[in-house]
Every structure is written in structure tokens, then in C-alpha cells.
Amino acid sequence: MIDLRLVRENPDLVRASQRARGADESRVDALLTADAERRQAVKRGDDLRAEQKNASAAVKKASPEERAAVLERAKSLAAQVKEAEEAQRAADAALREAHLKLANVVADEVPPGGEDDAVTLRTVGEVPTYDFPVRDHLEIGELLGAIDMERGAKVSGSRFYFLTGPGALLEFALAQLAIGRAVAAGFTPVVAPALVRPEAMEGTGFLGDHDEEVYRVERDDLYLVGTSEVALAGMHAAEVLDLANGPRRYAGWSSCFRREAGSYGKDTRGIIRVHWFDKVEMFSFCAPEEAAAEHLRLLAWEEEFLTALELPYRVVDIAAGDLGTSAARKYDIEAWFPSQGTYRELTSTSDCTTFQARRLNIRYKDSDGKNQIAATLNGTLCAIARTIACLLEVHQRADGSVYVPKALRPWLGGVELLTPGMTLAAAVPPPTA
RNA sequence: GGAGGCUUCGCCUAGUCCGGUCUAUGGCGCCGCACUGCUAAUGCGGUUUGGGUUAAUCCCCAUCCCGGGUUCAAAUCCCGGAGCCUCCGCCA
């Protein structure tokens, strides 16, 4: 949630932000009203409680003659307090509800518009050309024995898959590369839970207007995460972090689950849009004034990773109307998919400023020793299924084999080429010991 | 799944049986001041976190794991839940 003080002191700024998102700007006024009403209710409750405390203490001291009268007064005040507390609870709940309905305030520099108005910041790498008819990643995956959609559907339904043989090895190679690079850059590697409590889900902003995207395990009141961001943010909920030595960075590994409601007919082929995939996610806690710079660092790490995979891409600055609830700013990296002749999102990094941390009560001690709300940022290092899809397409050869980028080779037995029918033993790193 | 124990203001801890004097004890740590030509020691004071109010100070309210309840009054009594620990059962 956003800073209430900002809403009180500069409601126009918040209204403008809602407008830029294409969201309802009257929610700002609803929040202001709820805030004023809550403060009134709190004052009344506090005053009555103070009076009642005095009355209650007087009961003890009262002489036997006056005791009955004093007790009567205390009882009457107790009843009034009860009433006032009821009103206060209602006012608190109304405020929280109104507060949760506001998305994060959009950063000044964010391009206006919606989904189609992202601004391309740069394009990196040459779009490859092929002197043979290109195959899509599923065709290549099937030739290699790397992807099995049919059996995925048999076992789990549509948008599920098996990664088999070289596909499975690719998953581990990408994971090793991503985690290894993150650790080298100073991130703490984390294997994170994929099932989380509602508070973690709500705290990261996934239960608002987009909760139909999320799998819920009703029987146990748990949710399957759509990204390890949820667990990583929740990891330090209600804590005061030491950020004196700079941002606290995690590289989280987890499975990710998405219902993909409302995406019927989109990307039905292959493993570009699936209900489940594994991902290495970067997550950073830092001081709010450092968030924008940290955001660019996350973006740089993402770019370096794609460069290591020798994939051409472009960086886009997401427009206000297409930002997630928690994000003040978001950059996507879109990589080239030859079968589609276009760039598709491969990674995404969001600056959530203090929005998530305020909900999750994540603070840090500033240089004056005062507790302040921290900022949180997240960025994809490697969404594995989609990255495999992109690798297979971009690095395909006429005979159905696939070039292996140098960076991945250490994890694939040093092979330069994945070929249909190859011996898998060749693509496994030799034991080091 | 079953049985028991535990959870107090950074850490440790007193208090809980038997409700009010708890405005929560003491130690450690930390901050400030005093003293000492440095350091150490000592003394004094401060040190949970939120909210309300205010120009600011003051003040008020809440906060003893969380949520309910009993009561004029709850750290303390009752109910529910969470977390940690021990034991039994089951289990990769």
C-alpha cells in the first residue's frame, strides 16, 4: 500500500497516478474519507478509554458508601467503550480496504498509455536470419526429445509439459548458470517455498484485482506462488533489516504456478505460456532513495544473462497502464522468437518502492537510527521454460540440432550442439572429484 | 495424527498459581551526561513499537505471540489459533 501521508498531503499526485494506470481515481477520495473517519473514531475511542481507565481505578479506591455509584459509572463507561471500539474496528477495516484498493504511485518517468505503449529503450544483438524454414520451439523440442506436451496434457492438463532428455538437462544447466552468476554478483542463493500463506500473497499485491491468476489450496488456506518474489518478500516480513552496507539481495529458486485465466487461445503451442515453470528470481531490499539505481542494476544483470545466452533482445519501459499493482516502474526484456518473427517477454524487473514493504511491515534503520519502510525490487534472472523455448528457436540449425551458447556448455558436458538422437551421457558434466 | 512444555519492551530474565499497587523487575547491550589529562572503571539519566493530538513540546490510547471471551478492571482467568521444543505414530 502507498504512504497515507502522501495521500493526505498530495492527493492530486495520487489521483494522477491512478488516472495514468487507467484505474479509478475516485478511490483516492474514498481513501481520504475513510482516513478522516478512522481518525475521528480513534480519537473518540481513545478519549473514552482514558476516562474509563480512571473510573476503573476509582472503583478500587472508593469508600464502601460511594462504591456502588462509582461502579455504576465505570460499567456505563465500559459499555460506551465497547461501542466505540466496535465503531473503530469498522473504521479501521474500511480504511484498510480503501487503502488496499490503491495501486502503487507510478514513477514520473513512466511512459503514458497501456499495453501497446511500452517504449523501447534499446535493442541489443542482431536479429538472426536463417536460410531454411525455421521451426518453432515445440517442433525442435520434439525432434530433440526435449519437450513432451502431449503427455504433459495427459497427466496434468493443458499448458503442462514434460522436459525430457536434453530438455531436462537444459533446465539444470540454466539453473546452474543463473544461480552461479547471481552468487558471483553477491546475491544470497535461496530455495524458496512455493506454497505460502495468504498474508505473503496479499503483501506482495497478488490478491487484489488479479487474484484469478493465482492457484489457491483451499483446504489448507495456502496459495501456490506465481513467482518466488512472494516468498522472498515475505521472508523478512515484520523485520527490521540492516541495510547499512547496501541492498540485501537474494536469488530465489522456486517453481511458479499461474492459472493463466483469460489467456485462452494465447500461446497455446509449446512452453511459452504454461501453468507451471521454474524460475530464478532476483530480489532486493534497499533504502527507498536507492531503489531507482538498484532497479537499473537488476536490469543490467538480466541483460548480461541474456547476452551470455547469446540471445538478441530489446529492453522496453512498460507504460503506466500495464504496470502491476505493486510496481512504480517496470522494465521488460523481450527476446527474439524467430518462429513468431517478434520479440517476446523473457524477463521483467519491477521497482515496488515501499509498496510491498509497507504491507509486509519490512523496515530498516536509517543513518539516524530511525526505523523506516524499506523498498523492494524484483527481477527475473531466468524463467526457465520460456528461456528454453527461446534458446531452441534462436539457436536452431537446419537439421534440427541446436547450438549451445558457450556459457551453458560447462553444465552440458562441453557439447556445442544438441542433436536429435544424441547420447545424453555426452551432455553431462564429468564428475569433478 | 496424538501427548506435554514453552512464547514478556534488542538479548537474557522476574512477574502468571491467588486479576487492581505492572505506569512490567533485574542483568547485558546501546545512547547521552558527569567524573577521570587517554583508556578502563564508576555514578546519573535514557533505551519496545504503533496510533491519536500538536507549529513543536506536552499529553492521551494501544501493545506482555495472535484473535476472541469473562470483568468496573487481564501479562495474570477462560476459549480458539500460530510458532518453537520434547515424546509417540506415520513418512521421502
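Below, chain A is the first sequence line, B the second, and so on; all start at residue 1.
- Contact check, A:Arg38 against B:G51: no side-chain N or O comes under 4.0 Å of OP1 or OP2.
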Reading nucleotides 58-77 of chain B from 5' to 3' and marking B where a protein heavy atom lies under 4.0 Å of the base, S where only the sugar-phosphate is that close, and - otherwise, the string is --SSS-----S-S-BS----
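- Under the Watson-Crick or G-U wobble criterion, with both distances below 3.5 Å, B:C6 is paired with B:G83.
- Nucleotide B:G20 forms a pair with B:C72, judged by Watson-Crick or G-U wobble geometry with both contacts under 3.5 Å.
- Across B:C17 and B:C90, the matching C1' atoms stand 38 Å from one another, rounded to whole Å.
- Across all strands shown, A:Arg197 has heavy atoms under 4.0 Å from sugar-phosphate atoms exclusively, and none from any base.
- For the residue pair A:Thr380 / A:Lys279, no side-chain donor-acceptor distance below 3.5 Å is found, with atom types taken as modelled.
- No donor-acceptor distance shorter than 3.5 angstrom exists from the side chain of A:Glu303 to the backbone of A:Ile333, with no hydrogens or angles considered.
- As the counterpart of B:A56, no nucleotide is assigned, since no Watson-Crick or G-U wobble pattern has both distances under 3.5 Å.
- Nucleotide B:A40 has no partner under the Watson-Crick or G-U criteria, as no pair reaches both atom distances under 3.5 Å.
- In this structure, CG of A:Asn371 is placed 11 Å from P of B:G51, rounded to the nearest angstrom.
- The NZ-C1' distance, from A:Lys43 to B:U54, rounds to 11 Å in whole Å.
- Between A:Glu345 and A:Lys330 there is no salt bridge, since none of the side-chain N atoms of the basic residue sits less than 4.0 Å from a carboxylate O of the acidic one.
- Ion pair A:Arg89/A:Glu86 flagged as a salt bridge, since at least one NZ, NE, NH1 or NH2 atom sits closer than 4.0 Å to an Asp/Glu carboxylate oxygen.
- Between the CG atom of A:Leu4 and the C1' atom of B:G51 there is a distance of 12 Å, given to the nearest Å.
- For B:C61 and B:U8, the P atoms lie 26 Å apart once the distance is rounded to whole Å.
- Figure legend. B:C30 is base-paired to B:G46; pairs are counted as Watson-Crick or G-U wobble with both atom distances under 3.5 Å.
- For A:His236, the side chain to side chain donor-acceptor pair (under 3.5 Å) partners at least two apart in sequence or on another chain are A:Glu239, A:Tyr250.
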Would A:Asp267 and A:Arg159 count as a salt bridge (Lys or Arg N to Asp or Glu O under 4.0 Å) if you check the C-alpha gap in whole Å, the side-chain angles of each, and the deciding distance to 0.1 Å? CA-CA 9 Å; A:Asp267 300 311; A:Arg159 296 198 191 281; over 6 Å; no
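- Rounded to an integer number of Å, the gap from CD of A:Glu37 to P of B:G52 is 15 Å.
- With a 3.5 Å ceiling on both atom-pair distances, the Watson-Crick or G-U wobble partner of B:G1 is B:C88.
- Base pairing of B:A14: no nucleotide in any strand meets the Watson-Crick or G-U wobble criterion (both distances under 3.5 Å).
- Atom name C1', nucleotides B:A74 and B:G68: the rounded distance is 14 Å, in whole Å.
- Of the C1' atoms belonging to B:A56 and B:C66, the separation is 37 Å, rounded to the nearest Å.
- As rounded to the nearest Å, B:A75 and B:U16 have P atoms that lie 14 Å from one another.
- Nucleotides B:C64 and B:U25 are separated by 13 Å at their C1' atoms, to the nearest Å.
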Salt bridge (Lys or Arg N to Asp or Glu O under 4.0 Å) between A:Arg297 and A:Glu290, intermediate numbers included: CA-CA 11 Å; A:Arg297 287 190 282 266; A:Glu290 215 185 322; 2.8 Å; yes
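- A:Leu138 and A:Met149 get closest at one heavy-atom pair: CD1-CG, 3.5 Å.
- Within 6.0 Å of NZ on A:Lys365 lie more than 12 heavy atoms contributed by other residues, nucleotides or ligands.
- Put simply, the residue from A:Asp317, A:Asp351, A:Asp108, A:Asp322 that forms a salt bridge (Lys or Arg N to Asp or Glu O under 4.0 Å) with A:Arg329 is A:Asp317.
- With values rounded to the nearest 0.5 angstrom, A:Ser401 atom OG is found 12.5 Å from A:His395 atom NE2.
- Distance check on atom C1': B:A62 versus B:A24 gives 15 Å, rounded to whole Å.
- Nucleotide B:U49 holds its P atom 18 Å from the CD1 atom of A:Ile362, rounded to whole Å.
- Rounded to an integer number of Å, the gap from CZ of A:Arg363 to P of B:G10 is 11 Å.
- Within residues 240-248 of chain A, no residue approaches RNA chain B, by heavy-atom distance under 4.0 Å.
- Comparing B:C72 with B:G29, their P atoms sit 47 Å apart, to the nearest whole Å.
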